[in-house]
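Notes follow once the structure below has been shown.
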Amino acid sequence: MSERLDRLDAFRILRETIKKNYGTQRNFAQENDLREQDVSDALNGRRPLSAAMLKACGLRRIEYFERVEVEHEAA
């Protein structure tokens, strides 16, 4: 089973990956065929993390739903 991470974890992992493996956002963008501005915008919360950014960090986005209790009023 994979580890469930939240959005903040994804941003942290992206920042760590850039620093450790690429040194700079520019290098990360060039190596992953991304625009440097898109990387900057994602890291600053102005756009979602792209599939290419997530893949470079070894992450994937999974959407899921949870059942919650719903109160029904009697008619």
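In this text the structure is predicted, and so the values were computed from the model without any measurement. Positions are given from 1, in the same order as the sequence printed here.
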Minimum heavy-atom distance Asn27-Tyr22, with the two atoms named: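 Looking at all heavy atoms of both residues, the closest pair is ND2-O, 2.9 Å.
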Residue pair Ala42 / Pro48: nearest heavy atoms and the distance that separates them: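 Looking at all heavy atoms of both residues, the shortest contact is CB-O, 4.1 Å.
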Exam field: side chain Asn44 to backbone Arg46, donor-acceptor pair closer than 3.5 Å: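 No, the answer is negative, given that no donor and acceptor are paired below the 3.5 Å cut-off.
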Sole candidate of Ile13, Leu14, Leu49 that passes side chain to side chain contact (heavy atoms under 4.5 Å, CB included) when paired with Leu54: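 Single side chain to side chain contact (heavy atoms under 4.5 Å, CB included) partner of Leu54 among Ile13, Leu14, Leu49: Leu49.
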Other residues, nucleotides and ligands only: do more than 12 of their heavy atoms fall within 6.0 Å of [atom1] on [X]?
X: Arg7; atom1: CZ; answer: no
X: Asp33; atom1: CG; answer: no
X: Arg26; atom1: CZ; answer: no

Check against side chain to side chain contact (heavy atoms under 4.5 Å, CB included), Val39 and Asn32: CA-CA 10 Å; Val39 175; Asn32 291 286; over 6 Å; no
Atom pair CE/CG of Met53 and Leu34 - distance to nearest 0.5 Å: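 It comes to 5.0 Å.
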Test item: Asp9 and Arg12 side chains (from C-beta on) under 4.5 Å apart, heavy atoms: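 Of all side-chain heavy-atom pairs linking Arg12 with Asp9, at least one is under 4.5 Å.
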Student check: side-chain heavy atoms of Glu16 and Cys57 closer than 4.5 Å: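 No, their side chains stay 4.5 Å or more apart.
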Modelled atom types, side-chain donor and acceptor of Asp41 and Gln37, under 3.5 Å: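 Checked: Asp41/Gln37 side chains pair up, N/O donor to acceptor below 3.5 Å.
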